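Chain letters run A, B, ... following the sequence lines, proteins first, then strands; residues in each count from 1. As the structure is a prediction and not an experimental result, all values here were calculated from the model.
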Protein chains: 4
Amino acid sequence: MADESDAHGGTVSPARGRKAGRDPADRRRAILDAALVVFAERGFAGARMQDVATRAGVAKGTLYLYFKAKEALFEGLVREAIDPVLGRMEREFAEFTGSTRQFLSVLFAHLANEAVRSPRRHVIRLLLGEGERFPELADFYYREVVSRGLGLLRAINARALERGEISSDAGLRFPQLLVAPLLVATAWEGLFQRNETLDVAGMLEAHAEIVLRGLGWRDS
Amino acid sequence: MADESDAHGGTVSPARGRKAGRDPADRRRAILDAALVVFAERGFAGARMQDVATRAGVAKGTLYLYFKAKEALFEGLVREAIDPVLGRMEREFAEFTGSTRQFLSVLFAHLANEAVRSPRRHVIRLLLGEGERFPELADFYYREVVSRGLGLLRAINARALERGEISSDAGLRFPQLLVAPLLVATAWEGLFQRNETLDVAGMLEAHAEIVLRGLGWRDS
Amino acid sequence: MADESDAHGGTVSPARGRKAGRDPADRRRAILDAALVVFAERGFAGARMQDVATRAGVAKGTLYLYFKAKEALFEGLVREAIDPVLGRMEREFAEFTGSTRQFLSVLFAHLANEAVRSPRRHVIRLLLGEGERFPELADFYYREVVSRGLGLLRAINARALERGEISSDAGLRFPQLLVAPLLVATAWEGLFQRNETLDVAGMLEAHAEIVLRGLGWRDS
Amino acid sequence: MADESDAHGGTVSPARGRKAGRDPADRRRAILDAALVVFAERGFAGARMQDVATRAGVAKGTLYLYFKAKEALFEGLVREAIDPVLGRMEREFAEFTGSTRQFLSVLFAHLANEAVRSPRRHVIRLLLGEGERFPELADFYYREVVSRGLGLLRAINARALERGEISSDAGLRFPQLLVAPLLVATAWEGLFQRNETLDVAGMLEAHAEIVLRGLGWRDS
DNA sequence: TATGAATGAGGTTTCATTCAT
DNA sequence: CATGAATGAAACCTCATTCAT
């Protein structure tokens, strides 16, 4: 949704994308969207408040009406970037009646969207780069996203074991293994796209295949 | 947090017990080591040359005798951080007579060391965070590390297929899947260690297990 | 030595009794005035932006709102120092009905003012000292001041010849000779004033006398 | 004599010109020659000791064996740049038996050489630009060059008056008028050469003509 | 004596933040 | 509420000077 063109340009162009409606909530949204792009482009220290303002279509001073400081903006960015997708998957999982194989397909498709195509993919890279300086932010992310996500993955594994779909508990012990390729995809897009394109969908399909078989999948 | 100087082990420089040796090569090394830590802590833009100098035990101006500018220092950092480990593994693989399963164990052990314990692990995080702003650096890393690494992984898969150890070519098509957990480990150490420790060795073991089985492993 | 602020006389800015007026144009003027003094005192490289700022009564950063860089400030200084005096003389000459002798008197009086008493006299010294490093600036000055000035001098000589007031065309061929003493006066004020005062007005009078007679003056 | 090519280049080329023989006096000379060029190119503050050293063919530290500091080098430069030409002219004048007209020809020829072609011409420009910051240097120059030169010019005028060659004492009162065109020539060469070439010899000839006639010259 | 690596004060410039309008 | 001109701390980098060799 948010405009992401000219991501590599020098100076920020006079704000295309959403132009900050009069509604305070709109403004806040516009600022956060702009901030995501700008922080992603240049990192925390390298990002300029002026660029955020320009891209959000507001004046520099206005930023400070919504966020006390650059740091607060960065934190707000990460905090409000978490997406309902996780909650949706949790609910979907609770109601899902098909096979684990099927559910994994759906899950990976959603996560791939989130981690590779959505502008929120940058949040991961930002955290990777800046997380050490913002421990509470890392904590927050762990609490709100990571631990919940791993919880969901564990639940999936547990149910699959219970149902006899798989035989290994490796996925229960290391749910990270299920989503590791997503991190690779995110990193690859940002860094090596130009050198070699990566077929993300194909990779995730292959991954699902390997993992299920590797966990002892057997059609019930 | 933990201080990481003397990261490169080896013998202590002969002259002047402490203080980064008088030999120019030693100085260069000391500067790069310091830079790695400082850049890792604060990112490229956030790092201060003064901090690098102080940590390296030299004056600010001295940095510029070894590196023309901050950017050159960052680049030098990444360029000289690549380690002989990859070349060693390539040679070892050529001579290795045991099973693929055994070789993967060795490989993962080495890579885990490199990606999780060596101070060079920060290089990966730095690239993830800053790489987009240093395209030639990303190119360099792709050329010297990524493409070679993936080449090795493909060779491993090819030989395993040839020998009939595995039956799936998924690892040949997406060698990234074999090392994806390493990226997770690196990221986890930097961000979520405090919230939940990750048993990297255990995870890699489980990963090897899953992957081999997932690729159709059969003892020959 | 002598303080030269308020060099431009005129009316005091209406708002805020002192302190360089709040009007952007006033600020610009104050900065340029300050820069003239500071650059004149220490040369381009020796001048400190902080000193310019302090003398202009603004913060260091403010300078950069008006001029992109030190160099731009220096250029602005020279460009905006050219004075309407030349245009005025051109017009006056076109309408002047008296003798060339009379007109030269007027001209020298004006130029002496400009080159010896006005703070803009420093511009000449600055150009002399730094001009070689700022070729476009020298070009600009040649175009806007020198060539026009020489043109006026040639016109004066041509008319005098035409009218039979003088008989030599030396002034037509080398109009520089007419203003050479002004350069001497400017240099003298800056350098040797303390050692020996120079009676500029007297010198110019003597110069006019010599030149006219030297060009074959005859009262018509 | 001293090499003056590449006067406008960026970095100083590895010292052509005289290459600093082993004799200390030679070295000193080489350093001063180099300093003249470098200071002339960039002004006092802008000149780099490293550039002087490189051009003189010595190491940076060596400069400090001959001159205590940059400032001392600059002063030495000006002090030792004064040339025997003035003394020679004084002696020649004392012995000269020809007409004042003839002597002026000789004098102007010599001075033109000194002020336009010799590398020492830069000294004048340097003093103009930096003199205000080095009052003792200006004093020195006044004492050693200016006052002596003006003295000679006055003597010339006095003798011409005495002999009845001229009738005006204007040259006696303002001897500066006799050499003003030399300053113009020096300035012109440095600044406007590219825009319009100046025939220095022709101008000086015209100047002599005008001045003599203007002072009431009559062949005796 | 000559060298040039090392030093660190000091300069230019940027940019987060404030505040009068 | 919104603005953007002004501020000044802080960063990068240069270069005069020193001193061990």
| said: Any salt bridge linking A/Asp51 with A/Arg55? Criterion: basic side-chain nitrogen under 4.0 Å from a carboxylate oxygen. | reply: no

| said: Please enumerate all residues that pass salt bridge (Lys or Arg N to Asp or Glu O under 4.0 Å) together with C/Glu80, with sequence neighbours excluded. | reply: C/Arg28

| field | Set of residues satisfying side chain to side chain donor-acceptor pair (under 3.5 Å) with respect to D/Arg79, sequence neighbours excluded | value | none

| query | Is the phosphate of F/dC1, meaning OP1 or OP2, less than 4.0 Å from a side-chain N or O of A/Arg27? | reply | no

| query | What integer distance in Å separates B/Met49:CE from E/dG8:C1'? | reply | 14 Å

| said: According to side chain to side chain contact (heavy atoms under 4.5 Å, CB included), who are the partners of A/Ala40, at least two apart in sequence or on a separate chain? | reply: A/His122

| said: Show me, range against range, the stems involving DNA chain E, built from at least 3 consecutive Watson-Crick or G-U pairs below 3.5 Å. | reply: E:2-21 with F:2-21

| request: Round to a whole Å and report the spacing from CZ of B/Phe44 to P of F/dA11. | output: 14 Å

| message | Show every ring pair (Phe, Tyr, Trp, His ring centres under 6.0 Å) that has at least one partner inside residues 47-67 of chain C, sequence neighbours left out. | response | none

| query | Below 4.5 Å, heavy atoms only, C-beta onward: do B/Leu126 and B/Val78 meet side chain to side chain? | reply | no

| Listed once per pair and sorted, the ring pair (Phe, Tyr, Trp, His ring centres under 6.0 Å) pairs that draw on residues 25-54 of chain B, sequence neighbours left out | B/Phe39-B/Phe44, B/Phe39-B/Phe74, B/Phe44-B/Phe74, B/Phe44-B/Phe134

| message | Using a heavy-atom cut-off of 4.0 Å across all strands, would you classify A/Ala45 as base, sugar-phosphate, or nothing? | response | nothing

| In residues 61-81 of chain D, which residues come under 4.0 Å of DNA chain F by heavy atom? | D/Tyr64, D/Ala69, D/Lys70

| note | B/Gln50 atom CD is separated from F/dT14 atom C1', nearest whole Å, by 15 Å

| field | Pairs meeting criterion salt bridge (Lys or Arg N to Asp or Glu O under 4.0 Å) with involvement of residues 131-141 of chain D, two or more places apart | value | C/Arg125-D/Glu132, C/Arg194-D/Asp139, D/Glu130-D/Arg133

| query | Quick one: which of E/dC15, E/dG4, E/dT7 gets closest to the side chain of B/Val58? | reply | E/dT7

| message | Which residues pass the side chain to side chain donor-acceptor pair (under 3.5 Å) test with D/Glu75, not counting sequence neighbours? | response | none

| query | For the base of E/dT13, is there a side-chain donor-acceptor partner from C/Lys60 under 3.5 Å away? | reply | yes

| When the distance from CZ of B/Arg48 to C1' of F/dC13 is rounded to whole Å, what number comes out? | 16 Å

| Separation of E/dA6 C1' from B/Asp23 CG (nearest whole Å) | 15 Å

| message | Need one value for B/Ala47: base, sugar-phosphate or nothing, where a base atom within 4.0 Å counts as base even if backbone is also close, heavy atoms only. | response | sugar-phosphate

